[in-house]
2 protein chains.
Amino acid sequence: MADDKRELSERKKQILKAIVDAHIEGGGPVGSKAILAAGGMNCSSATIRNEMAELEEMGYLEQPHASAGRVPSELGYRFYVDALIERYAMTTHEIAQINNLLRAKMGELDQILTAASHLASNLTNYTGIAIRPRAGSASISKFEGIYLEPDHFILVAVAASGAVQTKHIHTEFGIRPEAVARLTESLNAMLAGLPAEKITLPIIMELETRMGPDSGMVGLVMKVVYDLLSELDAGAMQVSGVDHLLQYPEYSDTAQFRELLGTLEKKDDILDLVSISDGEGDINVLIGSESRVKVMNNSALVFKPIVKDGKTLGAIGVLGPRRMDYAKVLATLEGLSGNIENLIQPNKQLHEGGTPDGTSGG
Amino acid sequence: MADDKRELSERKKQILKAIVDAHIEGGGPVGSKAILAAGGMNCSSATIRNEMAELEEMGYLEQPHASAGRVPSELGYRFYVDALIERYAMTTHEIAQINNLLRAKMGELDQILTAASHLASNLTNYTGIAIRPRAGSASISKFEGIYLEPDHFILVAVAASGAVQTKHIHTEFGIRPEAVARLTESLNAMLAGLPAEKITLPIIMELETRMGPDSGMVGLVMKVVYDLLSELDAGAMQVSGVDHLLQYPEYSDTAQFRELLGTLEKKDDILDLVSISDGEGDINVLIGSESRVKVMNNSALVFKPIVKDGKTLGAIGVLGPRRMDYAKVLATLEGLSGNIENLIQPNKQLHEGGTPDGTSGG
DNA sequence: GGTTAGCACTCGAAGCAATAGAGTGCTAAA
DNA sequence: TTTAGCACTCTATTGCTTCGAGTGCTAACC
């Protein structure tokens, strides 16, 4: 698509990189003298000006107004991220933070992702996002009813992905513990592994037959099962650290920031974005209008799916200004996702360190 | 405390109410002529000026600067909320919205509260808050283990409050389904109803004895139980609709708004505030510095605990500018909490309407 | 004594011109 | 091809003026 563009000379790359770096650092437009001052150049500011004019013509830079410096365009960022970025080396402190905080959170994937999103936000100073993507058609691999009172029990559903959800069920008539046990057994026998659209009337009828005298509760239970499946299908998203964004001048326009907040609360757009991502566990970088979400024109979204056994279980990401510190963000997400995948596949290699922090729980 | 203040004359009350109303409406300082224009006064602006000067002296009003109108002080708002407020009548549309949206959300209290917080935010145009307060010392009333794979099962814990939490447990050695069943039984027998500090070493030893050959898993399980109890103790809070706040000029100062966002994300301060509230199910109105949370000096927090059988299970609230529309907020929270309490005590009076909206879940 | 009209005064908001400064593009020389 | 120099452009800032809303005070009024 953008292939007939002539190659960038080594010096152009150097200048483009210097501009992006300086812009990420400072936020404002970058002038020719500033680049010279940053060092690494052995030519004059006039030469840099000429190169910048060409880079602008080629579409990598933009000029906010005639007498300002240059700002990287979307294409400029894209080139930077794809070709110019320097690997950021995490400090041992940052690595330790990831290790400690995530290690403490064994168990629920949702909780791990939430913790990871907080970490991502704090380590990068942007907004962290944790996502459980929409499932195409989720199914429940295991049911369990828990009897509480004669008119009250809980239905626990474990999804294939490992997500667990529970629902209270109140009945208007009494039920015995044995009925709940039979329900558990029947649901597992009849409905385990079935997505909503494969649960047909004959199956429900069979379920009623199995429940015998307690068939009255089947209707209620089916509604709950439907709700559970819907919620699993729907995906979920968790945002942390929006307040960080306000430190960047690009979000000082409250009207626009408000729209962004609204988008984050609606969740749909971003869930779509991530759910449609290209399957593999690679990091995705969406810059500005690449993301199709209108409101994010000045922002960038970087996210990494969490994959286990070839299935995408979730994603963690970072949302920030278009001029975000991509090197650091990429490194952070890589680090986090590595740890998360270790955590959810504990058999693989858990004992590599033996961290001796005795959290004696009792 | 503020009792030696001489009583406010009828006219002073009228003027104070007019000022607060106008300030809530418009946001800016209110002048004597504006009050006259609003109607209801049969005196001149000069008289109103005199009264306003006295009200200011008495502490009910403040003047941003010498030549501006008056603004209600914290004391002024307090008096307004306590004595002057007019009951807001919800529209049938608003009532219908509450009914429909909450009816659909049977089940988990957390989910109901989340839905309620969204509703509160949307109906009032401020920020909605849903809270599960810190429990003094939570206990688990029912355990249930769910066997999944030879090295993997789930522990479900039902708290006395009805909250349900789950944890995945991975073991490094195989366990049989029967071991999980025995674990369920033993946990219920030994630990049900005990807060963390009553779980002593002898109890844990007895647990190990009961588990016999599978006693190896007890250590792991105890850590999980401790985590579960900690999470129940910790409380939870859910915020929705922060973006609404940005429409009010008092939050256009991004630095301050950012601090407020930070407070909302930390959750501790607000959880404290609500958890310490005075036990009863009454609506609490905290205006400005009354709330002790420094950052909220320009804001007000209104919340209502959700009480069942004399126990506070949660709370819903609204956070907004100090000049929020208290009448509407109070009415909305009353309406919501009424519906919620109906939902979580379904035996009481569920069938009063028989809403015929056939959500055929199949 | 409370109420009202009138008036001088205050102070912030808005508009406007002048200034400073950063950065460019162009031209001519090296 | 690079560089130095210079004119030009555009924004941000500053100081100044004007405008108007609103007050407090005084004197007259009922």
Side-chain angles (χ1 to χ4, degrees), chain A residues 6-16 18-20 22-23 25-73 76 249-250 252-253, chain B residues 6-16 18-20 22-23 25-73 76 249-250 252-253:
Chain A
R6 48 194 182 241
E7 271 293 308
L8 288 184
S9 72
E10 218 31 65
R11 193 170 63 192
K12 280 204 179 58
K13 287 184 191 171
Q14 198 183 358
I15 290 176
L16 179 54
I19 291 179
V20 177
H23 182 65
E25 175 73 22
V30 184
S32 50
K33 282 183 189 165
I35 295 180
L36 202 62
M41 290 284 151
N42 41 6
C43 59
S44 77
S45 67
T47 308
I48 297 180
R49 276 204 291 283
N50 289 334
E51 295 281 46
M52 282 164 77
E54 283 183 52
L55 279 168
E56 178 172 3
E57 196 192 356
M58 295 163 87
Y60 293 99
L61 296 178
E62 281 166 359
Q63 213 172 5
H65 58 84
S67 79
R70 301 304 209 291
V71 161
S73 70
E250 28 272 270
S252 60
D253 174 9
Chain B
R6 47 192 184 245
E7 271 293 308
L8 289 184
S9 72
E10 221 26 70
R11 192 169 63 190
K12 280 205 178 58
K13 287 184 190 170
Q14 198 184 356
I15 290 177
L16 179 54
I19 291 179
V20 177
H23 182 64
E25 176 73 22
V30 185
S32 51
K33 283 183 190 166
I35 294 179
L36 202 63
M41 290 285 150
N42 40 6
C43 59
S44 78
S45 67
T47 309
I48 297 180
R49 276 203 291 282
N50 288 335
E51 295 281 47
M52 282 164 77
E54 282 183 52
L55 279 168
E56 179 172 0
E57 196 193 357
M58 295 164 85
Y60 292 98
L61 297 178
E62 281 165 0
Q63 212 171 6
H65 57 86
S67 79
R70 301 303 209 291
V71 160
S73 70
E250 29 271 270
S252 60
D253 174 9

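Letters A, B, ... mirror the listed sequences (proteins, then strands); counts begin at 1.
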Notebook entry, point to check: Excluding sequence neighbours, so at least two apart, what forms salt bridge (charged side-chain N to carboxylate O under 4.0 Å, His left out) with B:Lys33?
Noted result: none
Next item on the list: Among the candidates D:dG24, D:dT2, C:dT4, find the nucleotide nearest to the side-chain atoms of B:Cys43.
Entry: C:dT4
Next item on the list: In whole angstrom, give the distance that lies between atom CD of A:Glu56 and atom C1' of C:dT24.
Entry: 10 Å
Checklist line | Partner set under side chain to side chain contact (heavy atoms under 4.5 Å, CB included) for A:Pro249, not counting sequence neighbours | finding: A:Arg323
Next item on the list: Verify the contact: side-chain N or O of A:Ser32 to OP1 or OP2 of C:dG23, cut-off strictly under 4.0 Å; return yes or no.
Entry: no
Checklist line | Any residue meeting side chain to side chain contact (heavy atoms under 4.5 Å, CB included) with A:Asn50, in chain and number order, not counting sequence neighbours | finding: none
Item checked: Those residues that, when tested against A:Gln63, pass side-chain hydrogen bond (donor to acceptor under 3.5 Å, both in side chains) (two or more places apart) -> none
Next item on the list: Pick base, sugar-phosphate or nothing for A:Ser45, based on heavy-atom distances below 4.0 Å to the nucleic acid.
Entry: nothing
Note to self: I need the CD-C1' distance between A:Glu62 and C:dG23, as an integer number of Å.
What the structure shows: 17 Å
Report each atom pair, protein N/O against N/O of nucleotides 10-13 of chain D, whose distance is under 3.5 angstrom.
unit_1, atom_1, unit_2, atom_2, d
D:dC10, O4', A:Ser67, OG, 3.4
D:dC10, O2, A:Ser67, OG, 3.0

Note to self: If the condition is side chain to side chain contact (heavy atoms under 4.5 Å, CB included), which residues does B:Ala46 pass it with, not counting sequence neighbours?
What the structure shows: B:Ser44, B:Arg49
Check: Are any of the side-chain heavy atoms of B:Ser73 and B:Leu61 separated by less than 4.5 Å?
Finding: no
Check: What integer distance in Å separates B:Asn42:CG from C:dT3:C1'?
Finding: 12 Å
Notebook entry, point to check: Just how far, in rounded Å, is C1' of C:dC11 from CD of B:Gln63?
Noted result: 11 Å
Check: Quick one: side chain to side chain contact (heavy atoms under 4.5 Å, CB included) partners of A:Ser67, sequence neighbours excluded?
Finding: A:His65
Check: Nearest-Å distance, CE (A:Met41) to P (D:dT2)?
Finding: 13 Å
Check: Within less than 4.0 Å of OP1 or OP2 of D:dT1, is there a side-chain N or O belonging to A:Arg11?
Finding: no
Next item on the list: Under the salt bridge (charged side-chain N to carboxylate O under 4.0 Å, His left out) rule, collect the residues that match up with B:Glu62, sequence neighbours excluded.
Entry: none
Notebook entry, point to check: Do side-chain atoms of B:Gln14 reach the backbone of B:Ser9 as a donor and acceptor pair under 3.5 angstrom?
Noted result: no
Notebook entry, point to check: Taking the side chain from A:His23 and the backbone from A:Pro72, do they hold a donor-acceptor pair closer than 3.5 Å?
Noted result: no
Check: Is any side-chain nitrogen or oxygen of B:Thr47 closer than 4.0 Å to OP1 or OP2 of C:dT4?
Finding: yes
Notebook entry, point to check: Between C:dT24, D:dT23, C:dA5, which one does the side chain of A:Arg70 approach most closely?
Noted result: C:dT24
Item checked: Spacing of B:Ile35 atom CD1 relative to C:dT4 atom P, expressed in whole Å -> 14 Å
Using a cutoff of under 3.5 Å, can you pull out all pairs of nitrogen or oxygen atoms linking the protein to nucleotides 25-27 of chain D, with atom names and distances?
none

Note to self: Tell me every residue that passes salt bridge (charged side-chain N to carboxylate O under 4.0 Å, His left out) with B:Glu25, counting only those two or more places apart in sequence or in another chain.
What the structure shows: none
Next item on the list: Return the value, rounded to whole Å, for the distance between atom CD of A:Glu51 and atom P of D:dT1.
Entry: 11 Å
Check: What residues form a side-chain hydrogen bond (donor to acceptor under 3.5 Å, both in side chains) with A:Lys12, not counting sequence neighbours?
Finding: A:Glu51, A:Glu54
Margin query: Need the bend value for the helix from C:dG1-D:dC30 to C:dA30-D:dT1: angle between end axes, 5 pairs each end, nearest 10°.
Written below: 20°
Checklist line | Atom-to-atom span, CD1 of A:Ile15 to C1' of C:dG23 - whole angstrom | finding: 15 Å
